[in-house]
2 protein chains.
Amino acid sequence: MASTKRDRLIDTALELFNRDGYRATGIDKILAEAGVAKMTLYNHFGSKDELILAALKRRDARWRDWLRHAVARRAETPHGRLLAVFDALEEWFAQADFQGCMFMRAASEYCGCDHPIHAVAAEHQRLLLAELRDLAAAAGAKRPAKLAREILLLVLGAIVATQVNGPVDAGKAAKKAAEVLIEEALAAPEVGDAA
Amino acid sequence: MASTKRDRLIDTALELFNRDGYRATGIDKILAEAGVAKMTLYNHFGSKDELILAALKRRDARWRDWLRHAVARRAETPHGRLLAVFDALEEWFAQADFQGCMFMRAASEYCGCDHPIHAVAAEHQRLLLAELRDLAAAAGAKRPAKLAREILLLVLGAIVATQVNGPVDAGKAAKKAAEVLIEEALAAPEVGDAA
DNA sequence: GAAGAAATAGACAGACTTGTCTGTTTTTTA
DNA sequence: TAAAAAACAGACAAGTCTGTCTATTTCTTC
């Protein structure tokens with residue numbers, strides 16, 4: 001198949017970008033690891049940046065898919081699933097190759113807000129927020145967008161705390177905070193949800 | 001003074017590291033911007049990494065100082081100051097040169113957990129946590145360490161959300177979440193605070 | 001089996017990186 | 001004012017990086 005080499009390039013790139021970062025990972029390292037010739041890379045992708053973009057798009061699809069399933073596996077009710085997000089995070093944090101969120105890193109390393117790579121990172125975060133909003137709405141939150149934003153802050157915070165300071169049970173702490181916020185969001189009086 | 005050049009190097013480095021990142025900022029750019037000769041840099045610091053370390057240490061001192069004052073200026077009571085943290089964040093987010101947290105970026109770009117630069121980033125986060133814990137204790141939280149950890153998650157989350165997605169009022173959202181968590185922490189029954 | 005597409009190795013260009021070295025000039029100190 | 005310390009410009013080494021090119025080989029497909 002024509003796409004086998006392409007696939008291997010993306011997967012290898014993903015692994016090395018996650019381990020070492022984007023700028024720190026040279027094309028040659030990816031090629032050697034993937035066992036692919038340089039011209040093959042430049043035939044499939046026009047540049048390193050385009051390889052990064054392709055890798056991030058695959059990562060986005062896979063990661064959100066993983067989260068959705070990890071959450072669905074753990075709980076039945078929307079309320080329970082909202083909390084299960086943090087159990088899923090803990091599972092992720094415990095993986096040997098956890099190096100923080102690839103999209104945060106991408107946004108850091110390509111910090112021009114108009115840079116396509118930064119844009120993909122921003123989009124990833126918006127998509128995650130949207131999924132949380134659906135869960136929050138299904139759970140019966142009076143202001144699902146507000147609750148989703150709060151949950152997202154805890155998720156991002158837990159990821160960063162773990163990346164920077166190693167395993168410090170940030171997932172558990174975030175979950176307990178989320179419990180309180182969800183409780184509050186379900187009990188809140190009905191008002192228009194503009195946020 | 002012998003330290004004038006040194007100071008200028010650190011400040012210039014800080015500015016460029018914040019704007020473009022660590023690996024993306026070359027020594028030569030710093031030297032040109034600071035108007036300092038290369039040998040002067042290598043006489044004061046043995047390597048680029050040591051310059052980064054010196055810059056981050058200055059940043060840590062300055063940033064936490066800024067936060068402490070920004071918080072003290074805004075509120076008198078510990079409870080009020082805990083919330084004022086988020087108002088201070090908003091002020092920071094609104095600055096034209098805001099590019100996220102320099103320590104998160106450092107931990108990202110130098111992701112070997114034993115790397116000295118990563119260690120400085122981790123230490124920064126622990127020091128911030130300690131200050132939040134003091135505030136939480138002064139505010140009368142039953143479990144100040146737990147509350148401080150929760151506040152820290154919201155702080156980190158707000159920083160990342162703003163860095164990745166631009167100004168989306170993450171500070172305000174985090175503050176509202178913090179209000180709920182603080183409320184809960186003050187009302188909680190007295191138990192041993194192990195966390 | 002033959003034609004065409006895809007992948008290969010490896011050299012190469014050109015720019016960039018950190019760090020070293022030298023010899024000169026400026027600044028500080030005594 | 002003379003000796004000592006600091007900073008200077010700029011060349012340089014040795015390595016890295018991305019991306020291009022060529023000529024050969026392997027795979028598909030008809």
Side-chain angles (χ1 to χ4, degrees), chain A residues 1-57 102 105-106 108-112 115-118 120, chain B residues 1-57 102 105-106 108-112 115-118 120:
Chain A
M1 290 304 120
S3 58
T4 290
K5 297 281 173 184
R6 198 187 132 97
D7 274 356
R8 186 147 70 213
L9 278 171
I10 293 182
D11 283 337
T12 307
L14 229 24
E15 190 185 319
L16 295 180
F17 289 151
N18 178 63
R19 199 185 66 191
D20 300 327
Y22 302 93
R23 292 199 137 91
T25 300
I27 289 289
D28 290 340
K29 217 186 294 174
I30 298 171
L31 294 172
E33 187 91 4
V36 166
K38 191 175 263 193
M39 276 315 293
T40 306
L41 187 154
Y42 280 98
N43 281 336
H44 282 294
F45 312 94
S47 65
K48 183 186 179 182
D49 277 13
E50 281 191 41
L51 173 60
I52 295 176
L53 283 172
L56 284 178
K57 278 167 190 163
M102 294 195 71
R105 285 177 90 169
S108 261
E109 291 199 41
Y110 300 88
C111 51
H115 195 297
I117 294 177
H118 191 109
V120 167
Chain B
M1 289 305 120
S3 59
T4 288
K5 297 282 174 184
R6 198 187 132 96
D7 274 357
R8 186 149 67 213
L9 277 171
I10 293 181
D11 282 336
T12 306
L14 228 25
E15 190 184 318
L16 295 180
F17 288 153
N18 178 63
R19 199 185 63 190
D20 300 326
Y22 301 93
R23 292 198 136 94
T25 301
I27 289 288
D28 290 340
K29 218 186 294 176
I30 299 171
L31 295 173
E33 188 91 4
V36 166
K38 191 174 265 194
M39 277 314 294
T40 306
L41 185 155
Y42 281 98
N43 281 335
H44 282 294
F45 313 94
S47 64
K48 183 185 179 181
D49 277 13
E50 281 191 41
L51 173 59
I52 295 176
L53 283 172
L56 284 179
K57 277 167 191 162
M102 293 195 71
R105 284 177 91 171
S108 260
E109 291 199 41
Y110 300 88
C111 52
H115 195 297
I117 294 177
H118 191 110
V120 167

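What you see is a predicted model; the values in this text were computed from it and never measured. Just so it is clear: chains get the letters A, B, ... in the order the sequence lines come, proteins before strands, and each one is counted from 1.
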Visitor: Can you measure A/Asp20 atom CG to D/dT16 atom P for me and round it to whole angstrom units?
Guide: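 So the CG-P distance, A/Asp20 to D/dT16, works out to 15 Å.
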Visitor: Just the rounded figure in Å: distance from P of D/dA9 to CG of B/Leu31.
Guide: 10 Å
Visitor: When only distance counts, do a donor and an acceptor, one from the side chain of B/Lys48 and one from the base of C/dG19, lie under 3.5 Å apart?
Guide: no
Visitor: NA contact type, B/Thr40, heavy-atom cut-off 4.0 Å: base, sugar-phosphate, or nothing?
Guide: sugar-phosphate
Visitor: I need the CE-P distance between A/Met39 and C/dA5, as an integer number of Å.
Guide: 16 Å
Visitor: In whole angstroms, how far is the C1' atom of D/dG19 from the OH atom of A/Tyr42?
Guide: 5 Å
Visitor: At their closest point, which heavy atom of A/Lys48 faces which heavy atom of A/Phe17, and how far apart are they?
Guide: CE-CE2, 4.4 Å
Visitor: Begin with the C-alpha distance, continue with both residues' side-chain angles, and end with the deciding distance and a verdict on side chain to side chain contact (heavy atoms under 4.5 Å, CB included) for A/Arg6 and A/Thr40.
Guide: CA-CA 8 Å; A/Arg6 198 187 132 97; A/Thr40 306; over 6 Å; no
Visitor: Has the side chain of A/Glu109 got a donor or acceptor atom that lies under 3.5 Å from a matching backbone atom of A/Gly21?
Guide: no
Visitor: Look at all strands and tell whether B/Gly35 reaches a base, only sugar-phosphate, or nothing, counting heavy atoms closer than 4.0 Å.
Guide: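 Sugar-phosphate: the residue B/Gly35, judged by heavy atoms under 4.0 Å, touches backbone atoms but no base.
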Visitor: Expressed in angstrom and rounded to an integer, what is the separation of B/Lys5 atom NZ from C/dT28 atom C1'?
Guide: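 Nearest whole value for this atom pair: 14 Å.
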Visitor: Using 30° and 60° as the class boundaries, would you call the ring planes of A/His115 and A/Tyr110 parallel, tilted or perpendicular?
Guide: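 Ring orientation of A/His115 relative to A/Tyr110: tilted.
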Visitor: Looking at D/dC17, I'd like to know if its phosphate oxygens (OP1 or OP2) sit under 4.0 Å from a side-chain N or O belonging to A/Lys29.
Guide: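 Indeed not, no polar side-chain atom of A/Lys29 lies that close.
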Visitor: Let me know the distance between CG of B/Leu41 and C1' of D/dG10, rounded to the nearest Å.
Guide: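 In whole Å, D/dG10 C1' lies 16 Å from B/Leu41 CG.
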Visitor: Would you name the heavy atoms of A/Ile27 and A/Lys38 that are closest together and state the gap between them?
Guide: CG2-CE, 4.3 Å
Visitor: Could you tell me how far apart A/Ile52 (CD1) and D/dT18 (C1') are, to the nearest whole angstrom?
Guide: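 The answer, rounded to whole Å, is 12 Å.
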Visitor: Does a side-chain N or O of B/His44 approach OP1 or OP2 of D/dA7 to a distance below 4.0 Å, or not?
Guide: yes
Visitor: Going by modelled atom types, is there a donor-acceptor pair between the base of C/dG10 and the side chain of A/Lys38 at under 3.5 Å?
Guide: no
Visitor: Consider the side chain of A/Ile27, meaning its heavy atoms from C-beta on, and name the nucleotide among D/dC8, D/dC21, D/dT18 that approaches it most closely.
Guide: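 Looking only at heavy atoms from C-beta outward on A/Ile27, the closest nucleotide is D/dT18.
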Visitor: In whole Å, what is the span from the CG atom of B/Leu51 to the P atom of C/dT17?
Guide: 15 Å
Visitor: Looking across every strand, which nucleic acid part, if any, lies under 4.0 Å from A/Asn43 by heavy atom: base, sugar-phosphate, or nothing?
Guide: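 No contact at all - A/Asn43 keeps every heavy atom at 4.0 Å or more from the nucleic acid.
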